[in-house]
Amino acid sequence: MIGRLHTYIVEDNQTIRENLVGTLEELTHVSAIGFAETEQEARRWLDENAGTWQLAIVDLFLKQGSGLGVLQACMGRQPNQKVVVLSNYATPDIRRRCAQLGVDAVFDKSNEIDALVEFCLAHGQASPSPDAARGADA
């Protein structure tokens with residue numbers, strides 16, 4: 001059996017966030033373990049929970065701060081932890097900047113949700129759960 005993909009969501013629009021979580025939990029092995037609406041809140045959570053997540057989905061435009069700051073905070077993550085951007089502004093320039101910050105993928109909210117689902121399915125099959133990884137170290 002495939003474990004759940006522990007996912008942290010950085011999205012300030014509640015409706016988008018709830019629809020995203022519902023879609024990903026229904027169609028993939030994603031399990032949302034938390035969310036943030038601001039850069040500071042996201043950076044704090046990611047710092048305090050460094051080993052508990054496998055996927056972070058980050059919007060670039062937040063209530064306060066920027067998703068780019070969140071991406072910078074993720075640059076020291078473990079190899080099994082993936083970071084993707086989900087934005088309405090997935091321009092070529094934004095994609096290049098995200099690549100410079102080590103993002104695994106960038107998806108446009110308006111027309112690449114299916115690609116995000118595929119990414120989650122592929123990553124969920126390839127990643128051991130954080131609990132299994134800790135058990136292997138014990």
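Using a distance-only test at 3.5 Å, with no hydrogens or angles considered, a donor-acceptor pair links the side chain of N49 to the main chain of W45. Distance alone, capped at 3.5 Å, is enough to place a donor-acceptor pair between the Q81 side chain and the W53 backbone. Here the side chain of R77 pairs a donor or acceptor atom with the backbone of C74 at under 3.5 angstrom. Between the side chain of D104 and the main chain of V83, a donor-acceptor pair closer than 3.5 Å is present. The closest donor-acceptor contact from the side chain of Q54 to the backbone of H6 lies under 3.5 Å.
The pair R17-D59 does not count as a salt bridge, with every side-chain nitrogen at least 4.0 angstrom from each carboxylate oxygen. Using a 4.0 Å cut-off between charged nitrogen and carboxylate oxygen, D108 and R95 do not count as a salt-bridge pair.
Between E11 atom CD and E18 atom CD the span is 11.0 Å, to the nearest 0.5 Å. Rounded to the nearest 0.5 angstrom, F35 CZ and Y8 OH are separated by 8.0 Å. Once rounded to the nearest 0.5 Å, the distance linking SG of C120 with CD of E25 reads 11.0 Å. Distance check: R43 CZ to L46 CG gives 9.0 Å after rounding to the nearest 0.5 Å. Separation of atoms CG (L20) and CD1 (I9) is listed at 5.0 Å; rounding is to 0.5 Å. Between the CD atom in Q64 and the CD atom in E39 there is a gap of 10.0 Å [rounded to 0.5 Å].
Here the options are L68, L71, T91, the test is side-chain contact (heavy atoms from CB on, under 4.5 Å), and the partner is R97; only L68 passes.
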Inset, instruction - Would you sort out whether V84 and V106 count as a side chain to side chain contact (heavy atoms under 4.5 Å, CB included), showing the intermediate values? - result: CA-CA 6 Å; V84 301; V106 177; over 6 Å; no

Inset, instruction - Apply side chain to side chain contact (heavy atoms under 4.5 Å, CB included) to V10 and L62, showing your working. - result: CA-CA 8 Å; V10 183; L62 305 171; 3.8 Å; yes

Inset, instruction - Please lay out, stage by stage, how F119 and F107 fare under the test side chain to side chain contact (heavy atoms under 4.5 Å, CB included). - result: CA-CA 10 Å; F119 181 94; F107 301 102; 3.7 Å; yes

Inset, instruction - Evaluate side chain to side chain contact (heavy atoms under 4.5 Å, CB included) for L60 paired with V85, printing each intermediate quantity in order. - result: CA-CA 7 Å; L60 296 178; V85 168; 3.7 Å; yes

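Counting heavy atoms of neighbouring residues, nucleotides and ligands inside a 6.0 Å radius, atom CD of E26 does not exceed 12 of them. More than 12 heavy atoms of other residues, nucleotides or ligands shown are found within 6.0 angstrom of CD on Q72.
In the hydrophobic clustering of ILVMFWY residues, with side-chain heavy atoms under 4.5 Å counting as a link, I113 and L5 come out together. No continuous path of ILVMFWY side-chain contacts below 4.5 Å connects V58 to I16, so the two sit in separate hydrophobic clusters.
Scanning all heavy atoms of the two residues, the minimum distance from T52 to I33 falls at O-CD1, 3.5 Å.
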